[in-house]
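In the text below, chain A, chain B and the rest are named by the order of the sequence lines, each starting its count at 1. Hydrogens, waters and symmetry mates play no part in the numbers below; they use all other heavy atoms, side chains included. Nothing here was measured: the structure is a model prediction, and the numbers come from that model.
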Amino acid sequence: MSSSRRQYPFHLIEPKWQQTWEQQQAFRAFNPNEEIPANHPFAVRHKLSGKVSATQLPEKFYILDMFPYPSGAGLHVGHPEGYTATDILARYRRACGFNVLHPMGWDSFGLPAEQYAVKTGQHPRVTTEANIANFTRQIKSLGFSYDWSRELATTDVEYFKWTQWIFLKLYNSWFNPETNRAEPIETLKFPAELESTSVGRASSRADAWDGSSVASPHQDLESRRRAYRDSKRLAYVSEAPVNWCPELGTVLANEEVIDGKSEVGGFPVIRKPMRQWMLRITAYAEKLLADLDTIDWSDSLKEMQRNWIGGSEGAEVEFRAGGKYVRRSDNAESEFQIGPKIPVFTTRPDTLCGATYLVMSPENKLLDEIVEDKWPFWAYAELKGTSLFGKEPATPKEALELYRKYAASKSDLERTDLNREKTGVYIGESAVEPIRENIIPIFVADYVLANYGTGAIMAVPAHDERDWEFAKKYRLSIRAVVMPPDEWLMNAVGSPPAEWFTNAFKLLNLSMDSMDLLTAARKLYERDCGLFPYPFVGTGTAINSSGTDDLQVNGLSTAEAKAKITAWLEEKKLGKRTINYKLRDWLFSRQRYWGEPFPIVWKKDAAGNLHHEALPESSLPLLPPSLEDYKPTADGQPPLARAKDWLNLPDGSVRETNTMPQWAGSCWYYLRYTDAKNVQSFVGKDADNYWMASNGKAAGVDLYVGGTEHAVLHLLYARFWHKVLFDLGHVSTPEPFYKLVNQGLILGEDMQKMSKARGNVVNPDAVVEEYGADALRLYEMFMGPLQDTKPWNTKGVEGVYRFLGRAWRLFVDEKAETAFEQAETTTEPSKHAELLDLILLDGGITDTDATPAQLKTLHACIKKVTEDLDGMRFNTAISAMMVFINEAMTWQTKPLSVMKTFLQLLAPFAPHIAEELWARLHSTFGQTAPSLAYAVWPKFDAALLVESEIELPVQVNGKFRDTIKVAVDADNTAIEAAAKASEKVQTFIAGKAIKKVIIVPKRMVNLIVG
RNA sequence: GCCGGUGUGGCGAAAUGGCAGACGCACAGGACUUAAAAUCCUGGGACCAUAAAAAGUCGUGUGGGUUCGAGUCCCACCACCGGCACCA
């Protein structure tokens, strides 16, 4: 640390004001009908006291930071970037008269505390509490105006009680497609066969798809009704393959897996079928997508969510698998059985006639129904997968089995490798393409994903890169159904025509003599586009597509053909228009200790079948058991399974041993802040209405600031939960966060991302120690626009620190300052605070009228700071204050009123120094200081900024040549004359004719000469 | 590959289509000081010119375009950053 002299005694001022604010509870936000003490500065400002109803309270402003995970490493300088921005705005809004809600809390469940517990046996709660204490100390040292009475931690029993409660709401609801919203599960009607006592056959396919295969087919009606309900809940159990991370000992959500590795730690992730809790976020895909248009987020962030949800319009088309002749057991005659329907999803129904084969994903259960017993005579080795398996499978069934094993052995990383050559095997069966009724082979290949669309596609190699690649490898036919634009054709053919083209043309016995190159290219494309070097995937004109009499498509544009074919399919009941989403259901269970336990127990019915049941709301909170050892059990069960007493209930039922993911707590914390102490409800109606409701404007949190890393995780999950709560009538708005801003990353001084390993981490504690909290706050904002990524520069901190020093010296008497410093060296530190009284104000500050020039300087600053705060341009607001200080340093007399107003502008940015000088200014002049935090924000007076004369730039032929001074109300003739009179301009226009004069009022003059 | 964003002095950056580089850092010179630190003052895009200046020319990633006038608007391209990626 440098031993240089302090610019001003921030080390005394900052703790002093932080204590004052805490004692006053200065930043307490009051709820409707809450008792407001008459002497609270908020009450004084708004002339309120006692219980005040929502309508009498000032307008609300809810400004929120993404709450941090309290890590052992403590705060880094990235945290205070967003926190400072929101704090400045919170203070500004308070001054503007809003009732500001600005809370802070802790996202305190999470893996590091648990890993520490596994290593040391220390209970995660102990670590977590210590970390929270450290974070609290650090955050408080920066003077943020949080309402600490609303502080919460997701690990608080009183908090996660309600997280569990919301889970029960999800569990006890289903999404009704008819009303397009979530409803209590009781409104779900059973299908006819489950309504009556006559037992019908349940659809095995539906069961398999919904993951309710826990139940056996021989259950009684009651358990089948239960299974049906369970398959519709928003929280349901699935046996689907999940992302298992052996290193972390837990499963992960899709969003938490990046390039086949865990987002946390970068450990390998494998796919493994496991019983897991899922949340049906896919039911909300459409709303999550559509409602993005109603909120004020950055385009890039909205785009990220749109891409993640990934809606694509298209059609689901039914292909019929080939029928079979089967020998009837009681009769010598054989019977033709129609094969099952294979639904495929396509965004290009116009290319239906170009489908030359079908591909199903290895996981598709329909394959078992349609796979053939025998190879057809013509099946060649490649189709059977001989080289892939190193032997020839005897039957398609065997090939399918081998291929499924092969596909399952691939890790996520390998499966998603785009450069990997496509593989697949023929399953010996064919399907019928519905328009032209072509017979096309069916393949199983892992380039088709199981969980997108129907898990099966129609392959159109002529117009799809992936299908093209596959068809080329397995020598499957390629049929053109879209004629590309001329430009594409000519590009592909080349000029002069490439050899493949001329050869192909000869081969087909065509003569080019009679036609031009374009016609020839078209002819060849229509005949055999497979000869071209690559597929055409764009839009064009339909060809080769009119198979039956009632469907004429040839000649239509791609868009027209899509519409016509889709309509035809719908009419013939062969398909329908659909929108498919990439979004998948949210894998909601983790095999961890340090998370919310599920309020769920498992029971066996009389037949021995397991089913889950929710605990009653009255039993919440469900606490986790205390453990000695936090590792998973030896047989791979989650740690909760170690607590036998906890696990097994007297009635023989067994608790769910999974816990919820860290995202659960952060899905609704912003709601709890509005009513943090409510014991009756997760949030009271009045509080929700007041803080979250629209007031005819923004609905939800007015401003939410945090990092981009949560673009698709937290922000999507929270929106989903909020919408469910909205549908069920528990909250009053459909969206949680109206305006959202991402602060940019702060890099180290070496321009690299800050990390312990690089040793470039800046610790805020050290900055506060050396320069003070106000300087840190100011620097974080002065670095550049909030949203930008920018490198830290300690010299930059010194710059704003110097600015604060200059501001200080503008106010205080230099001799008194020196006396104070000398006294400080001879007094024991505990008495230092009292020495502050030695500092006297500068004699130049007098209670006199300001000069017009001084007023102009002040009001220019008010204008700029106010406008920049509204636009969140903190860096330029600070530079405006620097300009003011630079100017004011030259003043002989400093009018009290001007100096006070400046402090109000400074206060949101550097509240400690502003409060100190504000208090001193008042006491020196025998006045009582009103609370600066609630002082009415100054208004600038435009009249004071008006000039009588203005400088205008003069251009000649668009080039700047001189400036002239003219009266502000000078007419164009006068301006033109003044411009021509300028000596410098003269040299450029002398002897030339002036063709045109352009005068932009109060902006510039441009003389055009010939 | 697709989507989004960003390119301006030595550095962080600023500029409703109208004097590019406000403000700050670093740097240089000066004042104060025995000296240094701190503070205060002055300077500053590049080129050309000069004893010093003035004047002049060029200049916002590259190339075009619109306009009296472009960092700003349009088209094409390049580089970097972020996200997604066999999603049919």
When we call it a touch if two heavy atoms are under 4.0 Å apart, what does A:Ser312 touch: a base, just sugar-phosphate, or nothing?
sugar-phosphate

Under 4.0 angstrom, heavy atoms only, what part of the nucleic acid is A:Phe988 near: base, sugar-phosphate, or nothing?
sugar-phosphate

Rounded to whole angstrom units, what separation is found between the CZ atom of A:Arg1003 and the P atom of B:rC19?
8 Å

Which one, B:rA55, B:rC40, B:rA13, comes nearest to the side chain of A:Lys984?
B:rA55

For the side chain of A:Lys959, starting at C-beta, report the closest nucleotide among B:rC58, B:rC40, B:rG56.
B:rC58

Heavy-atom donor-acceptor pair, A:Arg719 side chain to A:Leu288 backbone, under 3.5 Å
yes

Can you tell me how the ring of A:His714 sits relative to the ring of A:His710, calling it parallel under 30°, perpendicular over 60° and tilted otherwise?
perpendicular

Which nucleotide in the set B:rU57, B:rA88, B:rC86 lies at the smallest distance from any side-chain heavy atom of A:Tyr452?
B:rA88

Considering only B:rA85, B:rC3, B:rC86, which nucleotide approaches the side chain of A:Glu303 most closely?
B:rC3

Any side-chain heavy atom of A:Glu316 sitting closer than 4.5 Å to one from A:Val344?
no

Counter-base of B:rU67, judged by Watson-Crick or G-U geometry with both distances under 3.5 Å:
none

Looking only at the side chain of A:Ile1008 (C-beta and beyond, no hydrogens), which of the listed nucleotides B:rC68, B:rA88, B:rC19 gets closest?
B:rC68

Sugar-phosphate only, base, or nothing, as touched by A:Thr963 at under 4.0 Å among non-hydrogen atoms
base

Spacing of the P atoms in B:rG12 and B:rC81 (rounded, Å):
16 Å

Nearest to the side chain of A:Asn307 - B:rG18, B:rC3, B:rC86?
B:rC3

Just how far, in rounded Å, is P of B:rC19 from CD of A:Gln955?
8 Å

Sticking with atom C1', work out how far B:rC19 lies from B:rG29, rounded to a whole angstrom.
28 Å

Taking for A:Val1005 and for A:Thr347 the nucleotide of RNA chain B with the nearest heavy atom, the one nearer the 5' end belongs to A:Val1005

Out of B:rC84, B:rC86, B:rC19, which nucleotide sits closest to the side chain of A:Lys422?
B:rC86

Nearest-angstrom distance from the residue atom CH2 of A:Trp297 to P of B:rG83:
17 Å

Show your working on salt bridge (charged side-chain N to carboxylate O under 4.0 Å, His left out) between A:Asp350 and A:Lys562 and close with a plain yes or no.
CA-CA 4 Å; A:Asp350 61 299; A:Lys562 270 187 194 177; 5.1 Å; no

Stepwise side-chain hydrogen bond (donor to acceptor under 3.5 Å, both in side chains) check, A:Glu824 with A:His11
CA-CA 12 Å; A:Glu824 204 184 9; A:His11 63 302; 2.7 Å; yes

Look at A:Arg809 and B:rA38 and indicate whether a side-chain polar atom (N or O) is within less than 4.0 Å of OP1 or OP2.
no

Rounded distance in Å between the C1' positions of B:rG69 and B:rC78
27 Å

Rounded P spacing from B:rC2 to B:rG17 in Å
31 Å

Using a 4.0 Å heavy-atom cut-off, does A:Asn875 contact any base of the nucleic acid, only the sugar-phosphate backbone, or nothing at all?
sugar-phosphate

Sugar-phosphate only, base, or nothing, as touched by A:Asn1006 at under 4.0 Å among non-hydrogen atoms
base

Separation of B:rA70 atom C1' from A:Phe960 atom CZ, nearest Å, is 17 Å

Gap in Å between the two C1' atoms, one belonging to B:rG71 and one to B:rA20, rounded
8 Å

Is the ring pair A:Phe443/A:Tyr474 parallel, tilted or perpendicular, if the boundaries are 30 and 60 degrees?
tilted

Measure from the ring center of A:Trp488 to the ring center of A:Tyr534 and say whether it is less than 6.0 Å.
yes

Regarding A:Lys472 and the six-membered ring of A:Trp468, is the cationic atom NZ or CZ under 6.0 Å from the ring centre and inside 45° of its axis?
yes

P-based separation of B:rA37 from B:rC23 [nearest Å]
25 Å

Measuring centre to centre across the rings, with the benzene-like ring taken for any Trp, is A:Phe782 within less than 6.0 Å of A:Tyr779?
no

The side chain of A:Lys996 lies closest to which of these nucleotides: B:rA88, B:rC68, B:rC84?
B:rC68

Among B:rA88, B:rC68, B:rA85, the one nearest A:Trp308 by side-chain distance:
B:rA85

Residue whose closest nucleotide on RNA chain B lies nearer the 5' end, A:Arg873 versus A:Gly958:
A:Arg873

Which whole-number value in Å describes the distance from A:Asn957 CG to B:rC68 C1'?
8 Å

For atom CE of A:Met304 and atom P of B:rA85, their distance in whole Å:
12 Å

So that I can tick it off, tell me whether A:Asp750 and A:Arg758 are bridged by a salt bridge, with the cut-off set at under 4.0 angstrom between side-chain N and carboxylate O.
no

A:Lys864 NZ to B:rU16 C1', in whole Å, measures 11 Å

Using a cut-off of 4.0 Å on non-hydrogen atoms, how would the nucleic acid contact of A:Met889 be classed: base, sugar-phosphate, or nothing?
sugar-phosphate

C1'-based separation of B:rG61 from B:rG7 [nearest Å]
6 Å

Short side-chain N/O contact to B:rU39 OP1/OP2 from A:Gln7, under 4.0 Å:
yes

Within the 4.0 Å limit for protein heavy atoms, which parts of nucleotides 23-33 of chain B are touched? Write it as a string from 5' to 3', B for base, S for sugar-phosphate only, - for none.
BSSS-------

A:Leu786 CG to B:rG5 C1', in whole Å, measures 16 Å

